[in-house]
Each structure stands twice: as structure tokens, then as C-alpha cells.
Amino acid sequence: MTPSSTSALTTHTKTDWRRTHTCGELRKPEVGSRVTLNGWVHARRDHGGVYFVDLRDRYGITQVVLGPELSDAVKLGPEFTISVSGRVVAREPHNVNPNRPTGEIDVVADRLEILSRSNTPPFPIDADEEVSFETRLKYRYMDLRRPAMQKNFIHRSRFIHAMRRAFERQNFVEVETPILTKATPEGARDFLVPSRVHPGEFYALPQSPQLFKQILMVAGMDRYYQVARCFRDEDLRADRQLEFTQLDMEMSFVEEDDIFRTWEQVLHETFRDAMGLDVAIPFPRMSWKEAMERFGVDKPDLRYGLELVDLADWARTCEFAVFKDTIARGERVMGIRVPAQHPLTRKEIDGLEEQAKSTGAKGLAWWKPTAEGGSGPLSKFTTGAAGLALRARLGAQDGDTVLCVAGKQSLVWRVLGDLRVALGKKFDLAKGEWRFTWVTSFPMFEFDETEKRWFSAHHPFTAPVDWSMGGEAPDLSTLVSRAYDLVLNGWELGSGSVRIHRSDVQQKVFSILGIGPEEQKQKFGFLLEALSFGAPPHAGFAIGLDRLCAMSLGMDNIRDIVAFPKTASAACLMTDAPSPVAPEQLAEVHIRSVVPPSIQQPS
RNA sequence: GGGGACGUAGCUCAAUUGGUUAGAGUACCGGCCUGUCACGCCGGUGGUUGCGGGUUCGAGUCCCGUCGUCCUCGCCA
């Protein structure tokens with residue numbers, strides 16, 4: 001196996017170069033053994049007569065000692081790939097390196113072979129200093145050599161393996177679904193793949209395996225899961241890539257509770273097996289309505305209080321015309337009590353008001369209660385009984401700060417929800433424990449003001465709580481769906497729903513979304529037909545694995561847990577994808593570019 | 001698509017108000033050194049200041065455009 005092309009570089013070409021141990025495993029018990037190590041030259045220290053090499057592989061770093069006969073014969077550079085053989089020796093006590101697991105031994109080499117040379121690395125592999133993402137992504141194979149990065153991907157592998165094991169224990173079956181599939185009208189922008197065989201027709205990459213997993217339920221698979229790659233052609237973010245991985249699952253003959261218990265068990269076992277963590281189960285559950293009323297958002301961070309308080313009763317009878325009129329119009333007045341232990345200066349409150357206005361509020365009414373009545377814009381209206389009533393409503397004490405917003409319900413929720421998050425961040429409350437929660441009973445539909453039509457809040461295959469969907473002329477804004485999210489510390493980890501297993505209900509939902517009978521047949525005919533062949537009641541869920549793995553390592557950017565991520569402009573700096581293709585290649589798939597040649601070659 | 005920040009040596013950064021030959025650390029190359037592990041010491045190479053244009057006696061610095069990276073809003077059923 002010794003490559004003859006490198007034999008000129010070697011000292012003992014007849015010897016087998018393959019390793020007997022990794023660079024992370026030699027300890028005192030191996031002292032005296034003859035070993036061969038393979039790895040990368042991590043660092044060199046030349047002391048004239050004695051030459052030290054830190055040899056690195058995935059498992060660790062072992063110090064190799066070369067005498068002058070070897071170090072003079074073979075010239076090493078950083079990141080050369082080498083094979084060394086020699087004897088394991090114990091270090092003198094004063095030479096032990098306590099910072100390394102292998103620090104009690106050396107390998108004294110009598111054979112050294114260069115398996116592969118390296119150009120000067122674009123950046124040091126043992127860097128303490130941050131290297132720009134641009135450079136790291138261009139030389140991703142060098143970046144991935146860094147022990148910290150290898151740790152991330154080993155963790156990811158262990159984590160997903162533990163999750164797969166947990167599903168297998170519960171009798172789930174992993175089934176692969178197509179990557180080349182059918183474009184869907186709703187949802188994110190599709191990636192399209194032109195068909196060579198069918199001129200003018202296109203496949204789409206799946207945004208998720210949604211319809212296939214439902215079809216698998218119709219097929220009687222009963223319990224399906226998959227580590228599934230999903231594709232959405234939307235703009236990228238720190239926590240969003242064009243292609244991402246979901247742990248996708250679906251179950252038959254179940255309701256919400258079964259999904260929740262299954263996932264609680266899976267996550268408990270995953271964190272236990274992959275990380276030795278004891279995640280408390282079951283997770284608390286709250287309705288979407290409760291989440292919005294208490295936290296102003298549908299992904300509440302439960303690690304701190306600062307909950308929203310409804311002030312309608314107080315505002316209805318107060319002397320502050322703005323609040324009174326707001327309630328009279330049927331809108332909302334709500335507040336947050338910031339306890340005295342987190343005092344806010346006038347300047348800080350002004351900053352919060354500015355933030356509130358930037359997210360749509362007309363103003364931020366505040367009050368600092370004191371025995372004399374207090375200060376702030378609201379203090380005029382809080383004298384005597386009115387002040388006592390407001391205190392009672394909020395549980396407010398002297399020294400607290402009360403922040404109030406009035407307006408339409410959606411605006412009040414959004415503004416106070418944002419303020420709450422900002423305050424949590426400001427007072428450094430968003431830290432520590434892992435607080436999972438299920439959020440259930442989302443609205444079925446949302447009205448889009450721009451397009452003037454109804455959209456599914458989750459997706460069009462989500463079952464309504466009321467199968468009759470409110471009868472003949474339903475108020476769509478009040479219909480409740482059986483969709484649910486899993487939320488962790490203010491992040492949406494995943495979502496799912498009980499599905500529609502009745503063809504008639506599915507058709508009704510499509511109609512509400514403005515998808516007529518003809519389009520239904522063309523786009524979703526296979527689903528409607530499948531639902532007409534004895535579809536079992538079923539429900540499912542999917543969780544974003546990139547985010548979950550990042551989060552489990554305390555990272556807020558998924559690029560360090562994705563091996564080959566794309567930049568914010570959706571480019572791969574290593575391969576230079578996307579890139580132009582030859583005209584012949586386009587012709588073969590019946591495509592002609594309408595982009596002027598002048599802007600086709602940016603680089 | 002909008003807003004913001006940034007772009008100087010292989011890497012990480014500096015360069016006063018627009019003013020001499022654009023510097024430092026590190027890496028790399030050469031030399032010395034037998035116990036280092038961020039080795040040390042001596043010497044050296046290395047620059048289209050992202051790119052294009054403009055203002056100016058003079059531009060890394062100011063202006064316009066463009067490309068790229070990051071953050072963010074829109075978007076992400």
C-alpha cells in the first residue's frame with residue numbers, strides 16, 4: 001500500500017505505514033510498545049539536536065520525538081500528513097504535560113514517512129484568534145480539521161444517532177422519501193429541477209416530506225420517522241440555510257397527547273444518551289391564546305417572568321381618555337410590571353418607548369408607583385382608589401416600573417412581547433435552564449392584508465378542532481386548528497399537527513385557501529385520492545435538527561453545525577456554487593437563460 | 001428587495017485632520033539551539049489597501065458605483 005510516488009521522501013519504505021494506534025489513545029500502560037501513528041503535523045519545535053512533533057488526528061495529539069538523523073533527513077511543514085513508528089516512552093516527571101491526556105508519554109520515532117505534503121495553511125489550525133467566515137468557508141476542509149469543529153460534528157452524529165435509537169425503541173420505521181418531487185402552491189419558494197425526459201416540466205425539491213409521510217400513514221406504516229433533508233428557496237439567516245435537516249415523524253390512530261408523550265420520551269432519551277442530561281418531562285403545555293396573553297408571542301421564553309397583564313377592567317373606568325376609548329373600541333390595554341429589583345432610569349424607559357414605537361405602538365405609558373402616587377405619564381390617573389386598583393391588578397409595589405400599551409390586540413401583543421424579550425435580555429434573565437413547552441391550538445387561518453386572502457396558519461393539511469369547520473358560513477378568523485409547536489427558551493424548535501384524514505374536509509380547506517376544484521385535482525389529486533381509500537386518523541411533528549444540535553452546544557448560529565454551509569447570499573465559497581453551466585447542458589433539459597451574459601459571470 | 005457594519009501582508013489587526021518609503025503580531029523562508037509543548041534567539045521574504053471611477057498638488061483615509069462577508073427587516077405553509 002505504500003505509495004511508490006512518495007518513496008523518495010521516506011526513510012523506511014518497506015515498513016507498513018498503517019497506524020496501530022490513534023493520536024489520542026497512548027498512555028502509560030503502552031510504555032515499551034512499538035507503535036505506528038498516522039496524522040497531521042500540528043506543531044513542530046526544533047531544538048537542534050532534538051525535534052518535537054505534535055501529531056494530530058481526530059482523537060487527539062501525541063508528541064513524537066525525532067532524533068537528528070530523522071529530523072535532518074526529512075523536512076516537515078505544518079499540516080503534512082505523516083506516518084511515524086517508534087517506541088512509547090514514559091516522560092520524566094518534570095516533562096509531563098498535564099494539559100494533554102497523552103502528556104505522560106512520548107513516541108520516540110525511528111521511522112518517518114511523509115504520506116502527503118501541505119502548502120502553507122491559509123490559517124492556523126490551532127488558532128486562538130477568530131478567522132473570518134469567508135476564509136473558513138473557502139477552505140472548509142482546513143476549518144473542519146480544527147478540533148473544536150470536529151467536536152461539533154461528532155456531537156451532531158451522536159445526538160442524531162441517539163434520537164434514531166429512541167424512535168426505533170418505540171417501533172418507528174425510518175423510510176426515505178423522494179428528493180425529486182412535485183411543486184406545491186402554498187408555502188416557501190420551491191427549488192425547481194428541470195426534467196430532461198419531460199420537456200418543459202419540473203420537479204421540485206421537498207420543503208418537507210409532509211405529503212409523503214401522510215401517504216405512508218394511508219399505506220399502513222403506522223409509525224414513520226426520517227432524518228430528512230428539506231429545501232426552501234428563501235433568504236438565509238444565522239439560523240437558516242437553504243437546505244436543512246429535520247427529524248420528521250408521523251403516527252396513525254393518535255391525537256395530540258400521543259405525539260407529545262412520544263417526543264418527550266425521545267428527547268429525554270436523546271439528551272440522556274448523547275449528553276448525559278436529565279431533561280424533565282412531561283413538558284408544560286399551553287394554548288396559543290394563553291401564550292399570546294401571557295407572553296405576547298407564540299414562542300415564549302419561560303426562563304423569566306415579566307408576564308403581560310390585561311388592564312381592560314381598570315382602563316374601562318379610568319380617567320385616561322386614550323385607554324378608556326381604546327377599551328370602548330373593543331381593543332386592548334395591557335401592561336408589564338418590571339419589579340423594583342430591576343430599576344429603570346428615565347433614559348432607559350425612553351429607549352423602551354422608542355423601541356415600542358418602532359414596532360408600531362403609538363406610545364408607551366409608564367408609571368412608577370410610590371406612596372405619594374408615583375411618577376410617569378400615568379401618575380395623573382393613579383391618585384387615590386384608581387392607583388390602588390391598578391396596583392392590585394398588577395401586584396405592583398413601590399419601586400416597580402409599569403409599562404403599558406394600548407391598541408389593537410395583535411399590536412399590543414407584539415409590542416409588549418418584544419419589550420418583554422428586550423427586558424429579559426437587558427437584565428440577563430434569559431439564561432440557565434432548558435425550559436421546553438408545547439404551544440397548542442393555533443388559529444386555523446390568517447388573513448393576508450396584502451394579497452387579500454386567507455392562508456393556513458400552519459399548513460393546509462392541518463385538522464380543525466371542529467370537523468364541521470363552523471358549518472355553512474364560518475368566521476374563519478375564529479377557527480382553531482390542531483397545530484402545535486415545541487418551544488425551547490424562546491426558540492421554535494419544531495411544529496406539527498393532527499392531520500386531515502377526510503377527503504371532504506381537505507377539499508373544503510383547499511377551497512377556503514382559494515384553490516379551486518381543478519387546481520386541487522392537478523396539484524393534490526394524489527392526496528385527495530389517497531384520503532378516499534381508508535386513511536387512518538394521523539398526526540405528526542418535525543423538529544429542526546440543525547437548530548436543536550446548535551442549541552444543545554450553546555451556539556446561536558447553525559453554520560458551525562452544518563458541514564458545508566452557504567453564505568448569506570446563498571453561495572458555497574468552496575465549490576463556487578451556484579455557477580453557470582454549458583449551453584449544451586441547458587439545452588438537454590430544455591432550458592434557455594434569459595439573463596444577459598454581462599451579469600452572468602460575477603467573478 | 002430594504003437598512004446597517006465591515007473589506008489593508010497567508011491570518012488577525014494598526015495607520016492622528018487627506019500628507020514622507022503603509023506598520024505590528026503571527027505565519028512562512030534561512031541560521032543557531034538536546035526537553036520543548038504558545039519553545040527561545042538572530043536575520044529575511046511578503047502589499048494592485050476588494051474592484052472601477054471621481055474630487056485633490058496629494059487618497060488606505062473623502063465622494064459615486066460595483067463585488068464580497070456578516071447582522072437585520074421583509075420572506076421562511
Side-chain angles (χ1 to χ4, degrees), chain A residues 42-56 61-68 71 75 77-79 89 91-100 102-104 106 108 118-139 142-143 184-190 206-208 210-211 230-242 244 358-359 442 444-446 448 450 454-462 481 483 492 495-497 509-510 513 515 542 544 556-557 559 565-571 573 576 598-599 601-603:
Chain A
H42 189 68
R44 304 153 294 157
R45 289 174 294 280
D46 183 356
H47 285 257
V50 62
Y51 190 103
F52 300 99
V53 176
D54 287 342
L55 194 62
R56 185 198 72 240
I61 293 177
T62 296
Q63 177 166 276
V64 176
V65 183
L66 307 180
S71 63
K75 196 170 144 31
E79 297 306 310
V89 301
R91 295 196 193 181
E92 298 293 324
H94 62 277
N95 283 334
V96 165
N97 183 347
N99 300 319
R100 275 187 196 153
T102 60
E104 289 190 293
D106 285 325
V108 178
S118 172
N119 292 337
T120 301
F123 50 86
I125 302 305
D126 58 346
D128 290 330
E129 59 191 8
E130 291 268 314
V131 178
S132 71
F133 251 120
E134 207 169 347
T135 309
R136 289 174 56 200
L137 291 184
K138 181 170 182 191
Y139 300 98
M142 301 303 281
D143 191 36
T184 50
E186 298 274 305
R189 198 175 291 115
D190 284 318
Q207 297 176 26
S208 80
Q210 182 60 35
L211 294 178
C230 306
F231 306 86
R232 295 178 190 174
D233 189 4
E234 299 291 348
D235 286 351
L236 292 86
R237 285 283 195 289
D239 62 350
R240 236 162 57 192
Q241 286 275 308
L242 298 178
F244 60 98
S358 75
T359 52
F442 279 74
M444 187 83 180
F445 300 106
E446 285 166 359
D448 185 286
T450 330
W454 291 92
F455 279 85
S456 292
H458 182 52
H459 61 48
F461 320 108
T462 302
S481 82
E492 181 200 317
S495 60
S497 60
V509 169
F510 283 148
L513 297 175
I515 304 173
D556 55 9
N557 192 312
R559 289 195 186 94
K566 296 188 174 45
T567 66
S569 67
L573 297 182
D576 198 28
S598 56
I599 65 168
Q601 297 276 1
S603 52

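Reminder, nothing fancy here: chain letters follow the sequence lines and each chain counts from 1.
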Subject >> Touch class at under 4.0 angstrom, heavy-atom based, for F455(A) against every strand present >> reply: nothing
Original post:
OP1, OP2 of G10(B) versus side-chain N and O of T135(A): anything below 4.0 Å?
Top reply: no
Original post:
Rounding to the closest angstrom, what is the interatomic distance between G3(B) and C29(B) at atom P?
Top reply: 47 Å
Original post:
In Watson-Crick or G-U wobble terms, both distances under 3.5 Å, what is the partner of U16(B)?
Top reply: none
Subject >> Between CD on residue Q241(A) and NZ on residue K566(A), distance to nearest 0.5 Å >> reply: 7.0 Å
Subject >> Distance between P atoms of G47(B) and A9(B) (Å, rounded) >> reply: 10 Å
Original post:
Would you call R56(A) and E79(A) a salt bridge, using N to O less than 4.0 angstrom?
Top reply: yes
Subject >> CG-CD distance between D106(A) and E92(A), expressed to the nearest 0.5 angstrom >> reply: 10.5 Å
Original post:
Which distance, rounded to the nearest 0.5 Å, do you find between the CG of D46(A) and the CZ of F52(A)?
Top reply: 10.0 Å
Subject >> Pair E234(A) + R189(A), salt bridge at N-O below 4.0 Å >> reply: yes
**OP:** Pick the P atom in G52(B) and in A59(B), then give their distance to the nearest Å.
**Re:** 15 Å
Original post:
With nearest nucleotides of RNA chain B determined for A568(A) and T184(A) from heavy-atom distances, which residue corresponds to the more 5′ nucleotide?
Top reply: A568(A)
Short heteroatom pairs, N/O only, protein and nucleotides 6-9 of chain B, under 3.5 Å:
none

**OP:** May I ask you to decide if A238(A)'s main-chain N or O and R559(A)'s side chain share a donor-acceptor pair within less than 3.5 Å?
**Re:** no
**OP:** Report yes or no: does R44(A) contribute a side-chain atom to a donor-acceptor pair with the main-chain N or O of V53(A) at less than 3.5 Å?
**Re:** no
**OP:** Describe the nucleic acid contact of D106(A) in one word from base, sugar-phosphate, nothing, applying a heavy-atom distance below 4.0 Å.
**Re:** base
**OP:** Kindly point out which of U69(B), U36(B), C76(B) is positioned nearest to the side chain of Q63(A)?
**Re:** U36(B)
**OP:** Test for a donor-acceptor pair under 3.5 Å between the base of C75(B) and the side chain of R240(A), counting only N and O atoms.
**Re:** yes
Subject >> Strand partner of G43(B), provided both Watson-Crick or wobble distances fall under 3.5 Å >> reply: C29(B)
Subject >> P-based separation of G53(B) from U17(B) [nearest Å] >> reply: 29 Å
**OP:** Grab the CD-C1' distance between E130(A) and U12(B) for me, whole Å please.
**Re:** 10 Å
**OP:** Looking only at side-chain atoms of N557(A), point me to the closest of C76(B), G35(B), C71(B).
**Re:** C71(B)
Original post:
Across the strands shown, which category fits L573(A) at heavy-atom distances under 4.0 angstrom: base, sugar-phosphate, nothing?
Top reply: sugar-phosphate
**OP:** Specify the separation, in whole Å, of atom CD of E134(A) and atom P of G68(B).
**Re:** 10 Å
**OP:** Determine the contact category for P78(A): base if any of its heavy atoms lies under 4.0 Å from a base atom, sugar-phosphate if only primed atoms, P, OP1 or OP2 are that close, otherwise nothing.
**Re:** sugar-phosphate
**OP:** Would you sort out whether R45(A) and Q63(A) count as a side-chain hydrogen bond (donor to acceptor under 3.5 Å, both in side chains), showing the intermediate values?
**Re:** CA-CA 10 Å; R45(A) 289 174 294 280; Q63(A) 177 166 276; 2.9 Å; yes
Subject >> Nearest-neighbour nucleotide for the T567(A) side chain, C29(B), C70(B), C71(B) considered >> reply: C70(B)
**OP:** Quick one: look up who U36(B) pairs with, Watson-Crick or G-U, both distances under 3.5 Å, and put none if it's unpaired.
**Re:** none
Original post:
Which nucleotide, C37(B), C28(B), C70(B), lies nearest any side-chain atom of T120(A)?
Top reply: C28(B)
Please list, for nucleotides 23-26 of chain B, all pairs of protein and nucleotide N/O atoms separated by less than 3.5 Å.
none

Original post:
Base, sugar-phosphate alone, or nothing: which one does P122(A) contact when heavy atoms must sit under 4.0 Å apart?
Top reply: sugar-phosphate
Subject >> Closest listed nucleotide, where the reference is the side chain of D235(A) and the choices are G74(B), U72(B), C76(B) >> reply: G74(B)
**OP:** For U49(B), give its Watson-Crick or G-U wobble partner with both distances under 3.5 Å, or none.
**Re:** none
Subject >> Between C39(B) and A22(B) - C1' atom distance, rounded Å >> reply: 32 Å
Subject >> Distance, rounded to the nearest Å, where L137(A) contributes CG and U69(B) contributes C1' >> reply: 9 Å
Original post:
Can you check the Y51(A) OH to C37(B) C1' distance for me, whole Å?
Top reply: 14 Å
**OP:** Output yes when at least one side-chain N/O atom of S132(A) is less than 4.0 Å from OP1 or OP2 of U12(B), else no.
**Re:** yes
Original post:
Can you tell me how far P in C62(B) sits from the matching atom in G25(B), rounded to whole Å?
Top reply: 27 Å
Original post:
So what's G7(B) paired with, Watson-Crick or G-U wobble, going by both distances under 3.5 Å?
Top reply: C67(B)
Subject >> Whole-angstrom distance between G4(B) and G46(B), as gauged at atom P >> reply: 40 Å
Original post:
So which nucleotide from C76(B), U72(B), G30(B) ends up closest to the side chain of K75(A)?
Top reply: G30(B)
**OP:** Just call it for Q210(A): base, sugar-phosphate, or nothing, with non-hydrogen atoms closer than 4.0 Å on any strand.
**Re:** base
Original post:
Counting N and O atoms only, with roles assigned by atom type, does the side chain of S481(A) sit under 3.5 Å from a partner on the main chain of F442(A), one being a donor and the other an acceptor?
Top reply: yes
Original post:
The side chain of R559(A) lies closest to which of these nucleotides: C76(B), C70(B), U34(B)?
Top reply: C70(B)
**OP:** Considering only atom C1', compute the distance from A38(B) to A27(B) and round it to an integer number of Å.
**Re:** 13 Å
Original post:
Under a 3.5 Å cut-off for both distances, is C76(B) Watson-Crick or wobble paired, and to whom?
Top reply: none
Original post:
Over how many whole Å does the gap from E79(A) atom CD to C11(B) atom P extend?
Top reply: 16 Å
Subject >> D54(A)/R100(A) salt bridge by N-O under 4.0 Å criterion >> reply: yes
**OP:** For F123(A) and C11(B), say yes or no: do the ring centres fall under 5.5 Å of each other while the ring planes differ by less than 30°?
**Re:** no
Original post:
To the nearest 0.5 Å, how far apart are OG1 in T102(A) and CZ in R91(A)?
Top reply: 7.0 Å
Original post:
Expressed in angstrom and rounded to an integer, what is the separation of R232(A) atom CZ from C76(B) atom P?
Top reply: 10 Å
**OP:** Classify the side chain of R237(A) versus the base of C70(B) as yes if they form a donor-acceptor pair under 3.5 Å and no if they do not.
**Re:** no
Original post:
Using purine N1 to pyrimidine N3 plus N6-O4 or O6-N4 for Watson-Crick, or N1-O2 and O6-N3 for G-U wobble, both under 3.5 Å, which nucleotide pairs with U56(B)?
Top reply: none
**OP:** Tell me what T462(A) touches on the nucleic acid: a base, only sugar-phosphate, or nothing, going by heavy atoms under 4.0 Å.
**Re:** nothing
Output one line per pair: protein atom, nucleotide atom from nucleotides 38-40 of chain B, and distance, for all N/O pairs under 3.5 Å.
residue : atom : partner : partner atom : Å
C39(B)  : OP2  : R45(A)  : NH1          : 3.3
C39(B)  : N3   : H47(A)  : NE2          : 3.4
C39(B)  : N4   : D46(A)  : O            : 2.6

Subject >> Inter-residue atom distance Q207(A).CD - F244(A).CZ, 0.5 Å rounding >> reply: 8.5 Å
Original post:
NE2 of H94(A) versus C1' of U34(B): gap in Å, rounded?
Top reply: 12 Å
**OP:** Take the protein atom CZ of R189(A) and the nucleotide atom P of G1(B), then report the distance between them rounded to whole Å.
**Re:** 10 Å
**OP:** Measure the CZ-OG1 distance between F133(A) and T567(A) for me, rounded to the nearest 0.5 Å.
**Re:** 11.0 Å
